[in-house]
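Input: a single structure, listed below in structure tokens.
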Amino acid sequence: MKISLTAGKSEGPTKLNAFDNALTDAKIGDVNLIPVSSMLPPNTQIINMPHLDPGAMTNCVLSHQHSNTPGDKISAVLSIAQAKEMGCVTEISGTNIPLKELEKESKFMVEYMMEKRNLEMLNLQTISKTHTVKENASVVAAVIYHPQL
């Protein structure tokens with residue numbers, strides 16, 4: 001299995017448009033996102049985001065946050081941990097919470113998931129996106145699954 005980590009942020013005239021624009025900024029705005037739970041198969045490889053065909057049915061783990069309060073700081077965070085046997089993904093988001101705090105919580109959650117499964121962590125990565133709201137904004141962070149690659 002191959003996966004990509006991506007994140008985006010944007011403003012828009014409505015909540016939906018801000019979300020769509022953030023997905024587009026993350027290069028996943030033209031596909032159908034299918035939320036899945038937070039497990040990775042053994043030997044998962046992390047690759048750069050490839051071109052995705054418009055309309056493709058695309059599995060993902062997605063973290064997102066929206067606000068229409070000017071000055072709010074919104075953040076979306078994902079962490080992945082990998083072991084030989086499998087991997088785990090955690091997601092968290094928030095408004096006006098320090099990014100470092102959200103990243104710390106995301107890492108704690110994924111480390112805990114690995115510990116509960118008695119897995120020896122070989123790799124831990126975090127991706128995040130934060131944005132200060134001007135009018136109406138969204139942020140996203142995602143793990144995109146590429147089973148066909």
Side-chain angles (χ1 to χ4, degrees), residues 1-41 43-83 86-114 121-149:
M1 169 77 65
K2 294 181 181 179
I3 61 169
S4 297
L5 307 178
T6 188
K9 64 181 182 177
S10 193
E11 298 272 337
T14 69
K15 180 179 181 177
L16 176 67
N17 295 126
F19 180 61
D20 181 59
N21 291 342
L23 292 173
T24 300
D25 184 49
K27 299 180 178 36
I28 54 175
D30 295 336
V31 298
N32 294 295
L33 297 173
I34 303 167
V36 297
S37 63
S38 306
M39 299 298 125
L40 300 172
N43 302 314
T44 296
Q45 296 177 332
I46 301 170
I47 63 170
N48 291 332
M49 178 63 73
H51 168 76
L52 301 173
D53 293 333
M57 304 304 281
T58 306
N59 292 333
C60 73
V61 177
L62 182 69
S63 175
H64 59 93
Q65 189 69 26
H66 170 266
S67 174
N68 60 3
T69 303
D72 272 357
K73 190 170 187 175
I74 56 175
S75 302
V77 180
L78 280 167
S79 292
I80 67 163
Q82 294 176 281
M86 66 179 293
C88 299
V89 182
T90 58
E91 67 277 350
I92 191 168
S93 61
T95 301
N96 298 322
I97 300 171
L99 181 60
K100 294 284 185 199
E101 190 175 314
L102 291 170
E103 289 174 340
K104 181 179 177 181
E105 179 72 12
S106 182
K107 289 176 185 177
F108 169 80
M109 291 186 299
V110 81
E111 288 169 348
Y112 179 82
M113 289 172 73
M114 298 292 278
M121 190 167 34
L122 303 174
N123 180 35
L124 186 144
Q125 291 190 37
T126 298
I127 186 168
S128 61
K129 190 62 80 169
T130 190
H131 179 72
T132 301
V133 177
K134 294 177 185 149
E135 293 183 23
N136 198 12
S138 287
V139 292
V140 298
V143 173
I144 303 298
Y145 292 70
H146 308 290
Q148 69 283 6
L149 295 181

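Just so it is clear, the structure is predicted and the values come from calculations on it, not from any experiment. Count residues from 1 along the sequence.
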>> For Gly55, is there any backbone N or O sitting under 3.5 Å from a side-chain donor or acceptor partner on Asn32?
In response: yes

>> side-chain hydrogen bond (donor to acceptor under 3.5 Å, both in side chains) for Thr95 and Gln65? Distances and angles first, verdict last.
In response: CA-CA 7 Å; Thr95 301; Gln65 189 69 26; 3.0 Å; yes

Is there a side-chain contact between [X] and [Y], using heavy atoms and a 4.5 Å cut-off?
X: Met39; Y: Met113; value: yes
X: Thr58; Y: Ile28; value: no
X: Thr130; Y: Lys73; value: yes
X: Ile80; Y: Thr44; value: no
X: Ile144; Y: Val31; value: no
X: Ser128; Y: Ser75; value: no
X: Val110; Y: Val89; value: no

>> Evaluate His131 against Glu11 for side-chain hydrogen bond (donor to acceptor under 3.5 Å, both in side chains), listing each step before the verdict.
In response: CA-CA 9 Å; His131 179 72; Glu11 298 272 337; 2.8 Å; yes

> What do the steps show when you test Ile92 against Ile97 for side-chain contact (heavy atoms from CB on, under 4.5 Å), and what is the final call?
Replying inline: CA-CA 11 Å; Ile92 191 168; Ile97 300 171; over 6 Å; no

Nearest-0.5 Å distance, [atom1] of residue [X] to [atom2] of residue [Y]:
X: Ser79; Y: Glu103; atom1: OG; atom2: CD; value: 7.5 Å
X: His51; Y: Asp30; atom1: NE2; atom2: CG; value: 8.5 Å
X: His64; Y: Glu91; atom1: NE2; atom2: CD; value: 9.0 Å
X: Lys9; Y: Leu23; atom1: NZ; atom2: CG; value: 15.5 Å
X: Ile74; Y: His66; atom1: CD1; atom2: NE2; value: 7.0 Å
X: Leu99; Y: Ser106; atom1: CG; atom2: OG; value: 10.5 Å

>> Between Thr69 and Val133, does the side-chain contact (heavy atoms from CB on, under 4.5 Å) criterion hold? Intermediate values first, please.
In response: CA-CA 7 Å; Thr69 303; Val133 177; 5.8 Å; no

> With Pro147, which residues qualify under side chain to side chain contact (heavy atoms under 4.5 Å, CB included), at least two apart?
Replying inline: Met1, Tyr145

>> For Met114, give me all partners under side chain to side chain contact (heavy atoms under 4.5 Å, CB included), at least two apart in sequence or on another chain.
In response: Ala81, Ala83, Cys88, Leu119, Met121

>> Restricting to non-hydrogen atoms, name the atom on Ser4 and the atom on Pro50 that form the minimum distance, rounded to 0.1 Å.
In response: OG-CD, 3.6 Å

> Which heavy atom of Ala26 sits nearest a heavy atom of Met49, and at what distance?
Replying inline: O-CE, 4.5 Å

> Is the number of heavy atoms from other residues, nucleotides or ligands within 6.0 Å of CG (Asn17) greater than 12?
Replying inline: yes

